[in-house]
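Following: one structure in structure tokens, then a few remarks.
Chain A is the first sequence line, chain B the second, and so forth, proteins listed ahead of strands; every chain is numbered from 1.
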Number of protein chains: 2
Amino acid sequence: MIGAVRRALRLQDVAEAAGVSLATASRSLSGSNGVSPALAARVRAVADELGYVANIHARSLAGGSTSSIGLVVHEIGDPYFTEIAAGVMDVGEQHGLMVQVRQTRRDPDHELAQIRALVANRVDGILIAGSGYVDPRAEQAVRRQLEAFRSAGGRVAVIGRHHLGVDAVLPDNIAGGRTIAEHLLELGHRRVAILAGSRGLTTIADRLAGIAEAVEAAGGAPEDWPVIEAAFTRQGGKDAALRLLDDRADVTAVIALNDDMAIGALSVLRASGVSVPGDMSVAGFDDIEVATDIAPSLTTVRLPMREMGELALSLALSAPAARPRRRTTGHQLMVRDSTAAPRSQAV
Amino acid sequence: MIGAVRRALRLQDVAEAAGVSLATASRSLSGSNGVSPALAARVRAVADELGYVANIHARSLAGGSTSSIGLVVHEIGDPYFTEIAAGVMDVGEQHGLMVQVRQTRRDPDHELAQIRALVANRVDGILIAGSGYVDPRAEQAVRRQLEAFRSAGGRVAVIGRHHLGVDAVLPDNIAGGRTIAEHLLELGHRRVAILAGSRGLTTIADRLAGIAEAVEAAGGAPEDWPVIEAAFTRQGGKDAALRLLDDRADVTAVIALNDDMAIGALSVLRASGVSVPGDMSVAGFDDIEVATDIAPSLTTVRLPMREMGELALSLALSAPAARPRRRTTGHQLMVRDSTAAPRSQAV
DNA sequence: ATGAAAGCGCTAACAC
DNA sequence: GTGTTAGCGCTTTCAT
């Protein structure tokens, strides 16, 4: 070890140490041909010895692509997004792309800031995985930013219903909502509470719409199914469940609009001595991995999150189309232990 | 909107549109003084109008810092790391730093690649949050890379016991292991199985050491407590629990060396008709958020993950010390519903 | 208060 | 097969 240097090594340092020119050093390290294999190997050894790592800023400024793409999610620790991210990273790896994940925490300002940061980084593509907003104006600033990015050659795709005019992977939210409501209706439930995130999110709006369709189709009135709005998180599920118990609404089942809320609700119900599914059925949405490991295991609608991530990156990477493309996913009802016929009927 | 441009906007474009020089445009956007407020405001308006975002590569190449720091974790979806990341991001936000999170998936090669990517990005600091390896040679390459990074002015800190010669936040793994073992011993358990991750990780080694201390102090033989090694994940917990059931070892309790493994084990035990804590007590480690929401709620050792993240970034940001600093954390036993006296004794 | 010009470290023509 | 050199887009002296 030589004593402390005051700045990072440059390619020039490597070139000098190896006794070659800058260009030769560059070619040796990038693996492009035009250098004798022996020389190239020696240069690489010297670089390695020195602990040299090329400055990506200089490289990207001189050359072209950063070989990286950005993924914008609501919450980095949310399993829904984790599985999407896994899909994105898989496809990314196949294409030699590094994926950087950014979180918005469901704050539109923060979202815009993260997207700008990705643009500043000159990533090759931007994927937005969070829900869109029902109000198109909420996405105005993001839309303009993305338009500038795309006109400069950047690739963009979103997962979910947005008003961004770009390629989209559309989760089966409406049909999924219909399916889970039908499941409870078939079990005999007639009045079901819905624990929802903000209605301003298209994901929520769509899942609610699907549920309403099923209720109407069964001859019921959607208004009779109370919607309790809270944060779209485990804590939100707890809050909503507490409010539900307070209201003593005469519901026999609960649909949480994602599994995390469902897990929060289960926790509160257990603490309150409400047995599931005996006294109350609970259904979730998404089928995150842990849904099968909790007690009782959670009846839910499976969305293919991983594939959604794969699909989104594939869309972004494929040749741009004249008009925005849409890919829809399927869904699957996973019946487990948290739902059953209502007690009155079961007896 | 003007038609498609072929490349990203440059500061030059903004300067021309605003009718000023490049230098004035730069100063206006960076907020440095020497520009009349009115002019600066106009330039900013023009930039905004155009959707201009400065190229961070050019900026960092010309000026200095990237105002970003890198956080290296094992698994991005692991709640343990999510909470650490939250702490890091909080402190980062206070300092105007963007945090980019990278995952190693517990693959040393991948880890090195991610660290090199961070160095290439010329982040201001690198935080490593995963466990270290018991074998110092496993960290040799990373150590050398970090030395080069630091000698170029980069800041580094780690969470966990590593052989990297840098500032470190040391989780209370040994004492925590002792505490959880003491808890089970006090309940009357004499033979406890341990579901562990790879023994090559210092985290595992330390937690096991703490448990062994407690067993010896109680006059027992640590060898009598079988250690079942599996992946340090929920799935690993399931695998280990299945092997335990196969062996029909006469244990009355299980310690999983993290909560995720404990949750996997609980799932398998439930599926096999083993009641917890009736037939078998189960304890975890870490106290991830969901530990209180599952059924039965999980007895575990709480580590202050969030504070560990905050502390790590604070260490990295503070003036470099001549010798590596160490900060130790506390821990706290959280007794919940998953542990009880063994049946023979309870009767 | 504003502008002109010199780099930052690298890649990719372009010489030889 | 190897070396020389002109930028990439920005910040920052240094002039004015």
Fill in the blank from the handout: The single option from A:Val91, A:Val169, A:Leu315 that satisfies side chain to side chain contact (heavy atoms under 4.5 Å, CB included) with A:Glu310 is A:Val91
Exercise for the section: Give, ordered by number, those residues of residues 29-37 of chain A having at least one heavy-atom distance below 4.0 Å to an atom of DNA chain D; if nothing qualifies, reply none. Expected result: A:Gly34, A:Val35, A:Ser36
Practice task
Using heavy atoms and a sub-4.0 Å distance, could you list which residues of residues 38-48 of chain B are near DNA chain D? By number, please.
Solution key: none
Exercise for the section: Give, for atom CG of A:Asp109 and atom OG1 of A:Thr104, the distance between the pair rounded to the nearest 0.5 Å. Expected result: 11.0 Å
All N/O pairs under 3.5 Å across the protein-nucleotides 14-16 of chain D interface:
none

Please tabulate, one pair per line, each protein N/O and nucleotide N/O from nucleotides 6-10 of chain D that are separated by under 3.5 Å, including the distance.
from   : atom 1 : to      : atom 2 : distance (Å)
D:dC8  : O2     : A:Leu61 : O      : 3.2
D:dC8  : O2     : A:Ala62 : N      : 3.1
D:dG9  : N2     : B:Ala58 : O      : 3.2
D:dC10 : OP1    : B:Tyr52 : OH     : 2.4
D:dC10 : OP1    : B:Asn55 : N      : 3.4
D:dC10 : OP2    : B:Leu11 : N      : 2.3

Handout entry: Straight-line distance of A:Asp48 CG to B:Arg144 CZ, nearest 0.5 Å
Key = 7.0 Å
Fill in the blank from the handout: In this structure, CD of B:Gln103 is separated from CD of B:Glu75 (nearest 0.5 Å) by 5.0 Å
Handout entry: Inter-residue atom distance A:Ile128.CD1 - A:Leu118.CG, 0.5 Å rounding
Key = 9.0 Å
Fill in the blank from the handout: The bend of the helix from C:dA1-D:dT16 to C:dC16-D:dG1, taken between the axes of its five terminal pairs at each end and rounded to 10°, is 40°
Problem - Exercise: do A:Ser318 and A:Arg155 side chains pair donor with acceptor under 3.5 Å - result: no
Handout entry: Spatial distance of atom CZ (B:Arg105) from atom CG (B:Asp78) [nearest 0.5 Å]
Key = 12.5 Å
Exercise for the section: Under the ring pair (Phe, Tyr, Trp, His ring centres under 6.0 Å) rule, collect the residues that match up with A:Phe81, sequence neighbours excluded. Expected result: A:His74
Handout entry: Note, A:Val43 side chain near A:Val35 side chain (heavy atom, < 4.5 Å)
Key = no
Practice task
In whole angstrom, give the distance that lies between atom CD1 of B:Ile56 and atom C1' of C:dC8.
Solution key: 15 Å
Problem - Steps toward side-chain contact (heavy atoms from CB on, under 4.5 Å) verdict (B:Thr66, B:Asn121) - result: CA-CA 8 Å; B:Thr66 54; B:Asn121 273 280; over 6 Å; no
Exercise for the section: Ignoring hydrogens and angles, tell me if any N or O in the side chain of A:Thr202 forms a donor-acceptor pair with the backbone of A:Ser131 under 3.5 Å. Expected result: no
Practice task
Look at the side chain of A:Arg326 and the backbone N and O of A:Leu170, then say whether any donor-acceptor pair between them is shorter than 3.5 Å.
Solution key: no
Problem - B:His162 side chain vs B:Ala168 backbone, donor-acceptor pair below 3.5 Å - result: no
Handout entry: N or O in side chain of B:Thr24 less than 4.0 angstrom from C:dG3 OP1/OP2
Key = yes
Handout entry: Lys/Arg N to Asp/Glu carboxylate O, B:Asp135 vs B:Arg137, below 4.0 Å
Key = yes
Practice task
State whether B:Asp167 and B:Arg327 are salt-bridged, where the test is any N-O pair (Lys NZ or Arg NE/NH1/NH2 against Asp/Glu carboxylate O) under 4.0 Å.
Solution key: no
